[in-house]
Amino acid sequence: MRNVAFDLFYTLVAALFYVVTLPLLILFSFKKKYRDSIPARFFGIKNPPFQPHDIWFHVCSLGEAKAIAPLLEKLENKRVAISVITHTGYEAASKYVAQVRYLPYELWLWFWIERPKTVVVLEAEFWYLLFRLARTRGARVIALNARISDRSFPKYYQMRWFYRILLSQCDRIFCQSNEDMVRFIALGAHNVEVVGNIKLAQKIEASKHYSKPEGTIIVAASTHEGEEEGIIRGFVAYREDNPSAKLLVVPRHPERFTKVGELIAKTAPMMSLSRWSESQSLESDIVLIDTMGELNNLYAISDVAVLGGAFAPIGGHNPLEPATFGCKIISGEEMFLQRELFKYVSHVQFTSLEGIAEALKNAETLPPSQINGSVDLQKVLDYLTEK
């Protein structure tokens with residue numbers, strides 16, 4: 001009875017939040033980035049419930065959608081459904097043999113979730129009504145690759161009464177590290193087990209092969225607002241002693257391509273600049289990579305990778321990809337969401353935007369980065385496939 005009362009209270013709060021944010025949702029739905037996801041998630045447009053399936057994976061975005069690939073290869077006899085939050089996650093998930101949907105806003109899950117069998121939720125996608133409704137409608141609920149970052153844990157712990165209720169809906173929590181396990185237990189979770197980070201099982205490879213230009217090739221990978229200018233200035237300083245070096249700038253979000261191009265032209269007017277979409281050439285001093293899906297192909301021909309998302313409090317990006325290709329990695333210190341993955345990668349430099357030039361110079365004498373670690377997915381597969 002207590003759970004039912006809380007369900008109703010939570011739903012009421014979700015409904016009030018929906019009403020308050022409705023004008024913003026309508027406004028943002030006209031932006032290219034959200035043109036598909038907001039109408040699907042918040043208004044149910046072209047987003048029907050799943051047809052009957054065996055295993056439903058819920059991922060957030062691109063990284064998590066790619067991370068489940070090794071599992072899906074082993075589950076080829078199962079009918080798979082995948083829900084996502086972001087457009088990039090939807091595109092990645094659509095490459096699998098699976099039903100793909102945007103996860104509706106929690107309020108609509110009452111009408112959207114039918115009778116799933118097994119629901120697997122990736123990383124930190126802790127949506128209460130997703131867990132609760134899936135469980136009450138007969139599904140096993142599994143948290144996979146579960147994590148709680150150093151930065152997030154104090155906030156989680158302040159709300160531990162809530163997370164105790166949410167995590168009680170989990171049949172099993174497969175977490176990334178011992179630190180994560182301790183944190184989940186502190187929040188009241190049971191059936192917690194460490195299996196490591198499933199991203200270590202990913203098959204990382206280039207989809208195209210390009211010729212490597214002469215000189216040191218530096219790729220500024222998955223950069224965010226406020227990061228490009230500092231990286232470009234560091235590159236300009238580094239170029240004074242390394243005139244043949246080239247910089248490839250790969251913004252994380254495609255809607256920023258034009259803005260980043262203008263920023264490059266303003267910050268480094270003395271250097272030649274080209275856009276990849278126009279020339280498909282890497283001969284300019286700075287190349288703006290303004291198409292999607294090229295990052296691994298560029299890592300394969302780069303000497304140094306400056307990983308974005310960690311020079312601002314964003315949480316960082318996956319270091320396994322550049323390390324697979326032997327890039328020398330430079331990262332900011334705000335990589336709190338990827339801290340576990342960085343433990344498996346050697347020879348990484350952590351610096352501020354002001355230290356980029358010095359880090360690039362130091363990279364000349366450092367060995368290439370490499371991955372030291374693996375993960376055994378068999379325990380997860382055994383649990384997913386048991387009857």
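Judged by distance alone, with hydrogens and angles left aside, the side-chain atoms of T21 form no donor-acceptor pair with the main-chain N or O of L24 at under 3.5 Å. Using a distance-only test at 3.5 Å, with no hydrogens or angles considered, no donor-acceptor pair links the side chain of R275 to the main chain of L288. Judged by distance alone, the side chain of E64 and the main-chain N or O of S61 form a donor-acceptor pair under 3.5 Å. Panel note: side chain E227, backbone H224; a donor-acceptor pair is recorded below 3.5 Å. Listed for the W112 side chain is a donor-acceptor partner under 3.5 Å among the backbone atoms of N47. The backbone N or O of I356 sits nowhere less than 3.5 Å from a side-chain atom of Y238 that would complete a donor-acceptor pair. A donor-acceptor pair under 3.5 Å is formed between the side chain of D54 and the backbone N or O of R79. T385 places a side-chain N or O within 3.5 Å of a backbone atom of L381 that can act as its donor or acceptor partner. With D303 contributing its side chain and I217 its backbone, the two residues share a donor-acceptor pair below 3.5 Å. Looking at N197, its side chain never comes within 3.5 Å of a backbone N or O of Q176 through a donor-acceptor pair.
Cluster membership check: L248 shares its hydrophobic cluster with Y299, using side-chain heavy-atom separations under 4.5 Å among Ile, Leu, Val, Met, Phe, Trp and Tyr. In terms of hydrophobic clustering, with Ile, Leu, Val, Met, Phe, Trp and Tyr side chains grouped at heavy-atom distances under 4.5 Å, I218 and L295 are assigned to different clusters. Under a hydrophobic clustering in which Ile, Leu, Val, Met, Phe, Trp and Tyr are joined whenever their side-chain heavy atoms come within less than 4.5 Å, directly or via other members, L122 and V80 fall into the same cluster. Tracing side-chain contacts under 4.5 Å through hydrophobic residues (I, L, V, M, F, W, Y), one reaches V121 starting from F184; they form part of the same cluster. The hydrophobic cluster containing I173 does not contain V182, counting ILVMFWY residues as joined when their side-chain heavy atoms lie under 4.5 angstrom apart, directly or transitively.
A cation-pi contact links R172 to Y383, judged by a cut-off of 6.0 Å to the six-membered ring centre and 45° from its axis.
You'll find the side chain of T351 reaches within 4.5 Å of the side chain of F311, heavy atoms only. Side-chain atoms of V287 and K246, non-hydrogen and from C-beta on, never get closer than 4.5 Å to each other. Residues I148 and L187 are in side-chain contact: their nearest non-hydrogen atoms beyond the backbone lie under 4.5 Å apart. Looking at heavy atoms from C-beta onward, L107 lies in side-chain contact with T11 at the 4.5 angstrom threshold. Annotation: side chain of I165 is not in contact with side chain of R132 (no heavy-atom distance under 4.5 Å). Contact check for V250 versus W276: no side-chain heavy atoms found under the 4.5 Å cut-off. At a threshold of 4.5 Å between non-hydrogen side-chain atoms, the residues P322 and L307 count as touching. Side-chain contact between K78 and T118: absent, with no pair of heavy atoms (C-beta onward) separated by less than 4.5 Å.
Atom CG of residue D382 and atom CD of residue E386 lie 8.0 Å apart, to the nearest 0.5 angstrom. Considering CD1 of I231 and CG of L263, their distance stands at 10.5 Å, rounded to 0.5 Å. Interatomic distance, S211 OG to I301 CD1, rounded to the nearest 0.5 Å: 8.0 Å. Taking CG of L166 as the start and CZ of F6 as the end, the distance is 8.5 Å to the nearest 0.5 Å. Remark: Y96 OH to L75 CG distance equals 12.0 Å, nearest 0.5 Å. Remark: H347 NE2 to L366 CG distance equals 8.0 Å, nearest 0.5 Å.
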What's the verdict on salt bridge (Lys or Arg N to Asp or Glu O under 4.0 Å) for E123 and K199, showing C-alpha distance, side-chain angles and the deciding distance?
CA-CA 11 Å; E123 299 208 356; K199 291 181 179 179; 3.4 Å; yes

Run the numbers on D285 and R239 for salt bridge (Lys or Arg N to Asp or Glu O under 4.0 Å), then give the verdict.
CA-CA 10 Å; D285 299 326; R239 274 264 303 205; 3.2 Å; yes

Would V194 and D180 count as a side-chain contact (heavy atoms from CB on, under 4.5 Å) if you check the C-alpha gap in whole Å, the side-chain angles of each, and the deciding distance to 0.1 Å?
CA-CA 8 Å; V194 178; D180 291 310; over 6 Å; no

For T88 and M292: C-alpha separation, side-chain torsions, deciding distance, then whether side-chain contact (heavy atoms from CB on, under 4.5 Å) applies.
CA-CA 10 Å; T88 55; M292 302 293 287; 4.2 Å; yes

What's the verdict on side-chain contact (heavy atoms from CB on, under 4.5 Å) for K66 and N318, showing C-alpha distance, side-chain angles and the deciding distance?
CA-CA 11 Å; K66 291 166 62 177; N318 187 349; over 6 Å; no

Assess the residue pair K46 and D36 against the criterion (salt bridge (Lys or Arg N to Asp or Glu O under 4.0 Å)); give the C-alpha distance rounded to whole Å, side-chain angles, the decisive distance to 0.1 Å, and a yes or no.
CA-CA 9 Å; K46 297 181 181 178; D36 296 320; over 6 Å; no

Quick one, N191 with C170, criterion side-chain contact (heavy atoms from CB on, under 4.5 Å). Give me CA distance, side-chain angles, the key distance, then yes/no.
CA-CA 8 Å; N191 300 321; C170 265; over 6 Å; no

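Heavy atoms from other residues, nucleotides or ligands lying under 6.0 Å from CD of E358 number 12 at most. Shown here is K74, whose NZ atom has no more than 12 heavy atoms of other residues, nucleotides or ligands within 6.0 Å. Under a cut-off of 6.0 angstrom, the local environment of CZ in F126 is crowded, with over 12 non-hydrogen atoms contributed by other residues, nucleotides or ligands. Within 6.0 Å of the CD atom in Q378, the count of heavy atoms belonging to other residues, nucleotides or ligands exceeds 12. With a 6.0 Å radius and a threshold of 12 heavy atoms from other residues, nucleotides or ligands, K259 has its NZ atom at or below the threshold.
Using a 3.5 Å distance cut-off with no hydrogens or angles, the side chains of H58 and S83 do pair a donor with an acceptor. In this structure, a donor-acceptor pair under 3.5 Å is present between the side chains of E294 and Y210. Between the side chains of E229 and T267, no donor-acceptor pair is found at a separation under 3.5 Å. Residues D290 and S277 have side chains that bring a donor and an acceptor to within less than 3.5 angstrom of each other. Donor-acceptor pairing under 3.5 Å is lacking for the side chains of S207 and N296. Counted by atom type alone, Y34 and E255 present zero donor-acceptor pairs between their side chains at under 3.5 Å.
Annotation for P368 and K328: closest pair CA-CG, 4.0 Å, computed over non-hydrogen atoms. The shortest heavy-atom contact between I329 and P319 is CD1-O, 3.6 Å. Of all the heavy atoms in S284 and L273, the pair that sits closest is OG-C, 4.0 Å. Across all non-hydrogen atoms, the minimal contact from A237 to A357 is CB-CB, 3.8 Å. Closest heavy-atom contact between A206 and F325: N-CZ, 3.7 Å. Closest approach of P251 and T223 over heavy atoms only: CA-OG1, 3.4 Å.
A salt bridge does not link E179 with R339: every distance from a Lys NZ or Arg NE/NH1/NH2 to an Asp or Glu carboxylate oxygen is 4.0 Å or more.
By the ring-ring contact (aromatic ring centres under 6.0 Å, His included) test, F17 pairs with no residue at all, sequence neighbours left out.
Relative ring orientation between W56 and F50 is described as perpendicular, the plane-to-plane angle rising above 60° on a 0-90° scale split at 30° and 60°.
Not less than 6.0 angstrom separates the ring centroid of F42 from the ring centroid of W108.
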